[in-house]
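Reading through the structure tokens given below for one structure.
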There are 2 protein chains.
Amino acid sequence: MDQTPTPHPADLADDLAGPPASVEEFRARLADILDDLPRRLRQCADHIAANTDRIAVSTVAELATGADVPPSAVMRFCQILGFSGFSEMQRLFREAYSPGWPDYSTRLKNLKEGGTGSPSALLAEFIEAGRQSLEALAKSADELALHRAVSVLAGADTVHIVGLRRAFPVASYLAYVFEKMSVPAMLHDGVGKLDHRFALRPNDAVLAITFAPYSEETLTLAQDARARGLPVVALTDRMTSPLVRYADAILTVPEVDFGAFRSLSATIAMAIALAVAIGTARGG
Amino acid sequence: MDQTPTPHPADLADDLAGPPASVEEFRARLADILDDLPRRLRQCADHIAANTDRIAVSTVAELATGADVPPSAVMRFCQILGFSGFSEMQRLFREAYSPGWPDYSTRLKNLKEGGTGSPSALLAEFIEAGRQSLEALAKSADELALHRAVSVLAGADTVHIVGLRRAFPVASYLAYVFEKMSVPAMLHDGVGKLDHRFALRPNDAVLAITFAPYSEETLTLAQDARARGLPVVALTDRMTSPLVRYADAILTVPEVDFGAFRSLSATIAMAIALAVAIGTARGG
DNA sequence: GAATTTTTAGAATAAAAATTCCAAAATTGC
DNA sequence: GCAATTTTGGAATTTTTATTCTAAAAATTC
């Protein structure tokens, strides 16, 4: 049809060459242009990259909503990638479409077939452990205790978070969420074996996190706070935890271990819920 | 409207019940009616039974051609199965392979607007977010990339872990697991704005973790390692992450957010699996 | 084998989706 | 701070796709 006269091949590689002919080419071209893309088109690229598998079964409008852009932005995006329009892009994905692993359990089984100890088998185990923990938490959550914990911590001047070793990831995530929600909080991390117990002021409160085997320092801080009359909220694994005796509100989280390591899924779910509820209660 | 007098319940079960609610129900109903179907409808049934997985990405016309019948026959077929039309039938198959995901964000919006800020409602949502993240991970995990990541990191002298802000909990948990498994590892925490890039030695490797909005320091360290020829493993949220360009192995984790906060369930599952696999590979 | 019922094909219509286009807004370069 | 350029949002348009309807063809019944 219409032939551009004497084109420089190198210059044209990206722009005038036909549309990507495979999903790999698609990804490559996407990565290429990604960096110099204006805001809306960037949103399209991100959302589409994250949901490549949905392109085949989505409409322009649906993708646009997902990427939080107007439909015309999606159209422009398709054209920038070299397609004549959305339909042509979609055709690529429809032809390649095969509804992957239909359900969760089949796929898990499949991962495990890599052999015991293989990375994917391990992943499958940890996924399963996490899911079971979450399910157990959904069933066992103590609404009353949660409510009490929220009101205790929402009423404090500063929330002191303490959690070490395996509980430290949870503690640090809590610190992050509190900061984002402008809740005054302090993370006691035990760096350099200092303990910052002198930072505890009247009207503060302590949120202590520990699981068996319970960390000495965490217990000490909780005890200390208790002795000074500060309220303590415990996030722990069972009602027989030594933390229980110092606590005004006790949140227990049933976590399933695989090997020596906890999944932490349930603990983190509980922690974020707690933090967000507190942030909201303080009028964040 | 017109009521058949004294109907035998068994006869009506198929006709009057709503449309099939799942792929299994669909297949069951199809098998039921298959035998007493006139010629053209029979052709539809056969072709559709043989190509169930293409329904999601086909048009009426395409299916009709495939079954060698006029489009109207396909329409009648859909209605006989209990659907209002083809579109309703197609919706079933489009949604079957991504349960919940499309309208999850809508649900969160509703929850916020409905003012249901009760702590336990929040907890329920975070549990749900975590569960979905884990399931999505199970479905999307890239075994090859995981394998590559393990061998890269298992071969390193020291593993440098970097992850800040919301990624920091994951990084710190990794550091904990590595320590327990006697894998030499160093956690770069950015305390005091120091960056420890001089700690990177030949034969080391970097495990970088970051999610949008990507943290500058993490990217810098990854870039630096790359420049020195050290292998980099990326644990990030999407293929369009800026980390991708510096990485030798890329692990993407689909995580469902609640507003600004990630559930982290899937990320942690992936992280522990990775760490344990590395520990095992090194003969821990 | 005529009458009745069921099934069918395809044209006509309605609905939904993709695509274009342009004025307004934002950004960039000077 | 102004002019030129790029980017954007949304309404208008076109194209595609689903759906309905009806007259004709088969099939069935008596």
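Quick note on labels: first sequence line is chain A, next is B, and so on, each numbered from 1. Since this is a predicted model, take the numbers as computed values, not measurements.
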* Salt bridge check: are A:Arg131 and A:Glu128 linked by an N-O gap of less than 4.0 Å? -> yes
* Asked: To the side chain of B:Thr59, which of D:dT17, D:dT8, D:dT19 is closest?
  -> D:dT17
* To do: May I ask you to evaluate whether A:Gln79 reaches the phosphate of C:dT19, defined as a side-chain N or O under 4.0 Å from OP1 or OP2?
  => no
* To do: Keeping the roles fixed (side chain from A:Glu88, backbone from A:Phe83), state whether a donor-acceptor pair exists under 3.5 Å.
  => no
* For D:dT15, does OP1 or OP2 lie under 4.0 Å from any side-chain N or O of A:Ser87? -> no
* Using whole Å, report how far CD of B:Glu62 lies from C1' of D:dT16. => 11 Å
* To do: Output yes when a side-chain donor or acceptor of A:Gln90 lies under 3.5 Å from a complementary backbone atom of A:Ile55, and no otherwise.
  => yes
* Would you kindly give the CZ-to-C1' distance between A:Arg94 and D:dT17, to the nearest whole Å? => 11 Å
* D:dT29 pairs with, by Watson-Crick or G-U criteria that keep both distances under 3.5 Å -> C:dA2
* Determine the contact category for A:Ser72: base if any of its heavy atoms lies under 4.0 Å from a base atom, sugar-phosphate if only primed atoms, P, OP1 or OP2 are that close, otherwise nothing. => base
* **Whole angstrom value for the distance that separates C1' of C:dA17 from CE of A:Met75** => 10 Å
* Whole angstrom is fine here: how far is it from CD1 in A:Ile55 over to P in C:dA18? => 13 Å
* To do: May I ask you to say whether B:Arg42 pairs ionically with B:Asp36, meaning some side-chain N is under 4.0 Å from a carboxylate O?
  => no
* Structure fact -> Picking from C:dT8, D:dT19, C:dT19, the nucleotide nearest the side-chain atoms of B:Val60 would be D:dT19
* Asked: For A:Arg91 and C:dA17, what is the distance between atoms CZ and P respectively, to the nearest whole Å?
  -> 18 Å
* What is the distance, rounded to the nearest whole Å, between atom CZ of B:Phe77 and atom P of C:dT8? -> 13 Å
* Of all the nucleotides listed (D:dT19, C:dT8, C:dA9), which has the minimum atom distance to the side chain of B:Pro70? -> C:dA9
* Asked: CD of A:Gln90 versus P of C:dA17: gap in Å, rounded?
  -> 11 Å
* To do: Mind calculating the distance between CZ (B:Arg40) and C1' (D:dA27) to the nearest angstrom?
  => 14 Å
* Pi-cation contact, B:Phe211 with B:Arg262 (under 6.0 Å, within 45°) -> yes
* When all nucleic acid strands are considered with a 4.0 Å heavy-atom cut-off, which category describes A:Arg76: base, sugar-phosphate, or nothing? -> base
